[in-house]
Amino acid sequence: MTASFPLFAEVPLAARDPILGLNEAYQADANPKKVNLSIGVYYDAAGKIPVLSCVQKAMNALAGQTAPRTYQPMEGPAVYTQAVQKLLLGADHPAIRDGRVATAQTIAGTGALKTGFDLLFSIIPKATAWVSNPTWDNHRAILGGAGFPVETYAYYDATTGGFDLAGMLRDLERAKAGDLVLLHACCHNPTGVDPTADEWGRIIDTIEQRKLVPFIDIAYQGFGDGLQEDGEVIRRFAERNLPVFIANSFSKTFSLYGERVGALTVLTANADEAQRVLSQIKRVVRASYSTPPIFGASLVSTVLNQPDLRVLWEEELATMRNRIREMRQMLRERLSAQVPGRNYDYITQQRGMFSYSGLSAAQAQKLREDYAIYIVESGRICVAGLNTSNIDYVAEAVAAVQKG
């Protein structure tokens, strides 16, 4: 049967997502030695996605509740949003006491970015958005969808496997007042490269002097050095009393990927501003998904607000963090043994789930085709996908493609 109006006749097939597409290919691969280092998911030492004990206990506690599943407030329940503020800033932070923090539950960190960018475009529609080179691919897509033109600032130094502070500051000097700057608070995705405390000081100084608008993406708080340490940059911005947007996610740190739990937080000058900003966040939420879901946020707020579960979560988070560090150390050692004379120190200097391996797109393709090892074509490796059962195989394969 032929359609009377060929609405979709010229609609092109969309390109496959560079990361989720690789995950689909991995799932279809029949090779018993296959290794998935593409998707940003934490796997435990047995190669499984864990259900955290603190989350399981929270599930058990919520299972007996029979409250009706009615609509939540557009910004989410206060028990959740207040817990998020305390996690990001500290329970006794002056910004919280003064009421100058606006927070809304969102559909994970991606939803926080989308909500924040849409709100900002309604306020500063002539701004340019600046993102690190490289950054998470979806940053560009969400910013473009909101309407912002996107420019890049230098970030990754391919010669050292480290951070290019001079390049970043040089590029930010080209930004005009009111431009948006997207920052990664810790465990930079995709490189794993983070500025030092002193370097952050110079970045914050430049943003303040240039009157730029910082938007901080913090999806991995606790995977770098610890909860407090990884959130330090947010508190340093708060000390300057600057307007700051923050998108956070609990997908990785609570192993709640499918529950889509996140939040958008905005630091303002005073309580009146916070109320007005929150009203605008709610306007964006209403036009997007109306109200947030219940279950995932209930799990997170239960864990964050019950002292025993909070302690258990921090212990489990430390276990995940330390396992990733151990895998970095083992990978560096094995690659150094396989390729004597090549410096792999950058692997242990980078932090969090990801490492920029230095592998080319051609080498990434060879890993996939010859060894069934899946990494992103940029060379990004998800270190959390390594374990003692596959790390020797991965190191031998990486060394082989590097040697040519």
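Not measured: the values here are computed from a predicted model.
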In Asn36, Asn23, Asp29, the residue satisfying side chain to side chain donor-acceptor pair (under 3.5 Å) with Tyr374 is Asp29

Q.
Within the structure provided, determine whether Leu367 and Val394 are in side-chain contact (heavy-atom separation under 4.5 Å).
A. no

Nearest heavy-atom approach of Leu37 to Gly385 is CD2-C, 3.6 Å

In this structure, CE of Met330 is separated from OG1 of Thr388 (nearest 0.5 Å) by 6.0 Å

**Asked** Which class fits the ring pair Phe121 and Phe148: parallel under 30°, tilted 30 to 60°, perpendicular over 60°?
**Response** perpendicular

What about Phe117 and Phe215, are their ring centers closer than 6.0 Å?
-> yes

Here the gap from Thr103 atom OG1 to Ile96 atom CD1, rounded to the nearest 0.5 Å, amounts to 8.0 Å

Hey, would you say the His188 and Tyr155 ring centroids sit under 6.0 Å apart? yes

Output for pair (Tyr393 OH, Tyr371 OH), nearest 0.5 Å, gives 7.5 Å

Has Arg380 got a side-chain atom pairing as donor or acceptor with Glu377's backbone, closer than 3.5 angstrom? no

Given 3.5 Å as the limit, does a donor-acceptor pair link the side chain of Asp179 with the main chain of Leu212, or not? no

Output yes when a side-chain donor or acceptor of Gln56 lies under 3.5 Å from a complementary backbone atom of Leu52, and no otherwise. no

State, with a plain yes or no, whether a side-chain heavy atom of Tyr344 is found less than 4.5 Å away from one of Val339.
yes

request  = Using a 4.5 Å cut-off on heavy atoms from C-beta on, say whether the side chain of Leu299 contacts that of Leu62.
outcome  = yes

Please check: side-chain N/O of Arg100 versus main-chain N/O of Thr268, any donor-acceptor pairing under 3.5 Å?
yes

message: Is there a side-chain contact between Leu335 and Glu396 in this structure, where contact means two heavy atoms from C-beta onward sitting under 4.5 Å apart?
response: no

Atom CZ of residue position Arg334 - does it have more than 12 heavy atoms of other residues, nucleotides or ligands inside 6.0 Å? yes

Tell me if the aromatic rings of Phe163 and Tyr156 count as close, with their centers under 6.0 Å from one another. no

Parallel, tilted or perpendicular: rings of Trp136 and His139 (30°, 60°): perpendicular

